[in-house]
Each structure stands twice: as C-alpha cells, then as structure tokens.
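Before any comments, here is the structure.
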There are 2 protein chains.
Amino acid sequence: MTVTELLRSKGFRITALRTELLTLLQRSDRALTQAEVEQQLRVDVDRATVFRALNAFEEAGLAHRVLDGSGTSCFAACAGDCDEGHHKDAHAHFHCRKCGSVFCLPSVELPKVKVPRGFRMEQSQLELQGTCKACT
Amino acid sequence: MTVTELLRSKGFRITALRTELLTLLQRSDRALTQAEVEQQLRVDVDRATVFRALNAFEEAGLAHRVLDGSGTSCFAACAGDCDEGHHKDAHAHFHCRKCGSVFCLPSVELPKVKVPRGFRMEQSQLELQGTCKACT
DNA sequence: AGCATTATTGCAACTCAATTGCCTTTACTC
DNA sequence: GAGTAAAGGCAATTGAGTTGCAATAATGCT
C-alpha cells in the first residue's frame, strides 16, 4: 500500500505534512522523537500540528510510540497489521546510550510472562539498552 | 543493613531527608514518582533537593528508576545487590492503566535476548501494562 | 466547477517534570 | 571547635507535551 492509500484507508485527509510524515517514519530504521521529526521534515510546520499528527497515527495504528531512556516519546511506522488502538508490533526496542537512538528489533520477540494473581496484563514492552552498531 | 548504614556505606551524609527518603522507598511496595515522594515525606523539602537525592540514590545503586507509561520517572529501593551505576534488579515492572501505579514484579524474570550483530546490550527492562490487583 | 462540511493547521498560551546556578547551611573529619 | 565538602534552599529556566480557538484547505456532493 502506498502512503496515500494507507492514510486514506484510515480516514485521514491527504495533506503535505501527513504524507511526508508517514513516509519519513517508514523510511527510518529507528524510532524518531518529535523534535527529530520536525528537523527532518522538509515542510515547515507547527509543533502542535506534528504532535496531533503523530498521536493520530498512533491511534489509527499507523505508528507506534516508544519511550526513549529519558522519557521522551519516539515514533516508528508500524509493520502493517496494527489496528485502531491495538498494536501488534510484538518486538523489542534498543536504546543506544551514546547517540540516544531507538531501534526496533523485529527479530527479538517478547516473552510470555505470568503476572501475579489479581493482576491483568494487557500489553508489554521489552526495552534494551547498550551501544548501537554505529557507535561501537 | 539499616538505612543509616546503607547511606554511610555509599559515602552519603546522614540527613533527615535522605534517611526518610530511603526508608520511604524501602517500605513502599511500588515505585513512586518524585511528586508522590514529596507528598509522603514528613519533612518539608525543596523539589530540587528531592531531585538530587533521588538521582544520587540511583547512581549509587540504592534505588532504581522506572519510567511510568507517560514518561515520568518512578523510583523504588533496590533489592540490595546493586552497584554504582550497575543495577542488577532483573525484574519486570507493571504499570496499572487505571491508577497509574508502578509495581515491581520480582517473580517475573527478564528473558535472555540476542541482539543483532554489531549491537552490544548492557541492560534490559520488561514493562507490562494492565490493571492492578486493587483496580480489578 | 462551485459549495458546504469537517478535518487539519497555525498561533498562542499553559502545564508539568526535570534541571541548573548560586549561595547558605550543616554533617563529618581532624 | 574549626575547616571542608556535601547537602539543601531558592529562583529561574528548559523542554516535551497539551489545549482552545480561529483560519485554512481537503473532500464529498450537486
């Protein structure tokens, strides 16, 4: 599916920003913060606009959100089969301590865990920290 | 080891705040945000002071930091065998979606994962989301 | 193509946690 | 008890995240 088709299939309108934004996320091999997104976008947009677009993408299942080590949100395009509000990207994320980048590791699967009696688990994330390929 | 001995063993001075703070963290069954810590402390202290104390504890291996779902830091006392800068608390954390609490789950062990060639893993966290015992 | 409808955007203001500089206070050492 | 360095208080700042509202533009319909 093209970016345009993807956007349309979720009921979004086709605007310069949203097209560029989704393309950018798809082409990146790592998750980007909003600040990074703003720098890399060719179009000149307001922070609030990017903010709302990213949130809309997440809710629609076009992108998923990861918290980097310091608590800032990073976004990456979803593999493809995510639904509204339900992300099935069951993979780990790697945070580089040197450059701060967040990588998606589709090869690392999430473990099945048992939570204590009374708790009901709905989702899980596996976060790894270390040094990335480029920084080694 | 008593709280005082613990503090002294890490080279800290014995102050009212730091004693109370470490005691509070040890007695809590869940990780606390700085705001929660400030509310629960009997002594009246500045935010910056609590901030520095928590960071110092983390660096010294007395407490570990967990990010709650929204990016805020939570702190919990370490089990005991953590070193300066190297936390060995290999357990998962549970974030309740209703009350926002963060629980340590010592019973859930972290999986051994293989990272791609070129990456060097140093640490990992397993974060679970759902509904906690009290909120069910 | 023209028009109405409604999503999207820009602007501005605001929240809140996190953070820092600087000066004062105080716990610890000798 | 005096000196020293850590710890604390105060004030100001950063930066991400949010929101309301009015202006703009994409889409559907005729």
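In what follows, chains carry the letters A, B, and so on, assigned in the order in which the sequence lines appear, proteins first and then strands, with residues in each chain numbered from 1.
Set against D/dT19, C/dT20, C/dC28, the side chain of A/Phe51 has D/dT19 as its closest nucleotide. Closest to the A/Ala48 side chain, of the nucleotides D/dG9, C/dT19, C/dA12, is C/dA12. Among the nucleotides C/dA18, D/dA26, D/dA7, the one closest to any side-chain atom of A/Thr15 is D/dA26. Side chain of B/Ser73, nearest nucleotide from C/dA18, D/dG9, D/dT18: C/dA18. Comparing C/dT19, D/dG8, D/dT18 by their nearest atom to the side chain of B/Thr49 picks out D/dG8. Taking only side-chain atoms of A/Arg13, from C-beta outward, the nucleotide of D/dT19, D/dA11, D/dA25 with the closest atom is D/dA25.
Between A/Arg52 and C/dT8, a side-chain N or O to OP1/OP2 separation shorter than 4.0 Å is absent. Close to C/dC16, at under 4.0 Å from its OP1 or OP2, lies no side-chain N or O of B/Arg47.
Whole-Å rounding puts the A/Ile14 CD1 to C/dT8 P distance at 10 Å. A/Leu41 has its CG atom 16 Å from the P atom of C/dT8, to the nearest Å. Rounded to an integer number of Å, the gap from A/Asp68 CG to D/dG17 P is 9 Å. One can place CZ of A/Arg18 at 14 Å from C1' of D/dT27, the figure rounded to the nearest angstrom. Atom CD of B/Glu38 is separated from atom P of D/dG9 by 11 Å (rounded to the nearest Å).
Two rings, from A/Phe57 and A/Phe75, have their centers 6.0 Å or more apart.
No more than 12 heavy atoms of other residues, nucleotides or ligands shown are found within 6.0 angstrom of CG on A/Asp44.
Residue whose closest nucleotide on DNA chain C sits further toward the 5' end, between A/Asp46 and B/Thr72: A/Asp46.
The aromatic rings of A/His93 and A/His64 sit tilted relative to each other, their planes meeting at an angle between 30° and 60°.
Between the OG atom in B/Ser28 and the CD atom in B/Gln40 there is a gap of 6.5 Å [rounded to 0.5 Å].
The same ILVMFWY cluster, assembled from side-chain heavy atoms under 4.5 Å apart, contains both A/Leu24 and A/Leu54.
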